[in-house]
J.: 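Starting off with a structure, shown below.
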Amino acid sequence: ALGNITYIDLSDNLLSGSVVETLLPASVEYLLIGGNQFSGAFPKFTYGTLTHLNLSHQDFSGSLPQYLDWPRSIYTYAPYALVSLDVSHTQVNSTISDRLARHPTLQEFRCRYCGLSGTIPMPLGMLTTDFEVSSNMLSGVAPFKAPGGTGVVTNVGLAHNELVGLIPDWIRHARNFSLEGNNWCCPVPHWAKRSPYYEVGKAKSLARSREDHHNNPVITCMSITSTDPAHYGECPTVIGPCDG
């Protein structure tokens with residue numbers, strides 16, 4: 001029966017229009033509709049069985065709806081169990097809310113090319129599997145504490161934003177990370193330089209690059225005078241060699 005369906009995958013088709021939430025079975029746990037031509041506001045789901053939701057690569061716009069409004073959901077309605085949310089390549093055009101960052105069950109959040117702005121909230125709740133927010137307009141410093149209190153996150157994507165400050169040490173334990181295209185403060189950790197994304201003089205360098213008088217690419221970044229790990233404030237405007 002339709003009411004017993006738990007997995008719906010309509011990804012990468014030519015579906016268009018708006019999503020009619022009331023036509024979906026209340027038992028659905030996986031709803032994967034990325035890569036279509038849906039448009040309008042992000043769909044609002046009113047049931048608590050959804051664990052994996054992919055809305056990426058379409059023309060949804062506006063703020064993320066109530067399935068992330070966890071305090072109301074948990075204490076008023078059936079507990080939401082959302083574990084994975086992908087809204088990459090949509091038009092969120094807002095900030096990362098504290099409620100999203102501290103969602104009690106959300107472990108994967110992907111929002112590349114979404115127009116995100118503002119700062120990244122601290123702490124990051126349970127986002128221990130995937131935190132991918134590259135290619136947005138996020139500013140300020142990166143969270144200096146790992147999500148979930150475990151110190152281990154599988155994938156971290158902070159590339160091509162406007163982040164400043166020191167690169168947090170907990171990122172070194174991630175299986176994959178991308179940090180390039182920001183204004184990190186020196187010293188850049190040696191483990192970060194071992195990243196496959198650390199390519200001197202190319203678009204994928206961790207910091208800004210320039211050429212010296214011999215036309216050799218030199219990594220530069222916003223320099224600081226303190227190497228205290230507690231330093232997570234705004235960087236001075238002095239540009240210096242990234243040789244730390």
J.: Would you tell me whether E162 and S139 have side-chain atoms, one donor and one acceptor, within less than 3.5 Å of each other?
T.: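 S139 and E162 do not have a side-chain donor-acceptor pair below 3.5 Å.
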J.: Quick one: do L166 and W184 satisfy side-chain contact (heavy atoms from CB on, under 4.5 Å)? Show the steps, please.
T.: CA-CA 6 Å; L166 297 178; W184 302 114; over 6 Å; no
J.: Indicate yes or no for a side-chain donor-acceptor contact from N36 to the backbone of N13 under 3.5 Å, with no hydrogens or angles considered.
T.: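 Yes, the answer is positive, given that a donor and an acceptor are paired below the 3.5 Å cut-off.
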J.: Does one side chain, of S39 or Q37, offer a donor that lies under 3.5 Å from an acceptor on the other?
T.: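 Looking only at side-chain atoms, Q37 and S39 do not form any donor-acceptor pair under 3.5 Å.
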J.: Quick one: CG on L100 to OG on S63, what's the gap to the nearest 0.5 Å?
T.: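 Spacing of CG (L100) from OG (S63) equals 11.5 Å.
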J.: Between the main-chain N or O of H160 and the side-chain N or O of S135, is there a donor-acceptor pair closer than 3.5 Å?
T.: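 No; zero donor-acceptor contacts below 3.5 Å.
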J.: Can you check whether L55 reaches D86 side chain to side chain, under 4.5 Å on heavy atoms?
T.: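 No, their side chains stay 4.5 Å or more apart.
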J.: Tell me, do Y7 and L31 make a side-chain contact under 4.5 Å, heavy atoms counted?
T.: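 In short, these two side chains do not touch, never coming nearer than 4.5 Å.
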J.: Can you tell if the side chain of V83 reaches within under 4.5 Å of the side chain of H52, non-hydrogen atoms only?
T.: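 A side-chain contact exists here, since the closest heavy-atom pair is under 4.5 Å.
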J.: Please tell me if the side chains of L32 and I8 come closer than 4.5 Å, counting only heavy atoms from C-beta onward.
T.: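 The answer is no; the side chains never approach within 4.5 Å.
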J.: Between N176 and N155, do the side chains contain a donor N or O and an acceptor N or O under 3.5 Å apart?
T.: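 Checked: N155/N176 side chains pair up, N/O donor to acceptor below 3.5 Å.
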J.: Once you measure the plane-to-plane angle for W191 and F177, does it fall in the parallel (<30°), tilted (30-60°) or perpendicular (>60°) bin?
T.: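 Rings of W191 and F177: perpendicular, over 60°.
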J.: Taking the side chain as every heavy atom from C-beta outward, state whether V133 and L116 have any atom pair closer than 4.5 Å.
T.: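 Yes - at least one pair of side-chain heavy atoms lies under 4.5 Å apart.
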J.: So, N161 side chain and L138 main chain: donor-acceptor pair closer than 3.5 Å or not?
T.: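 Yes.
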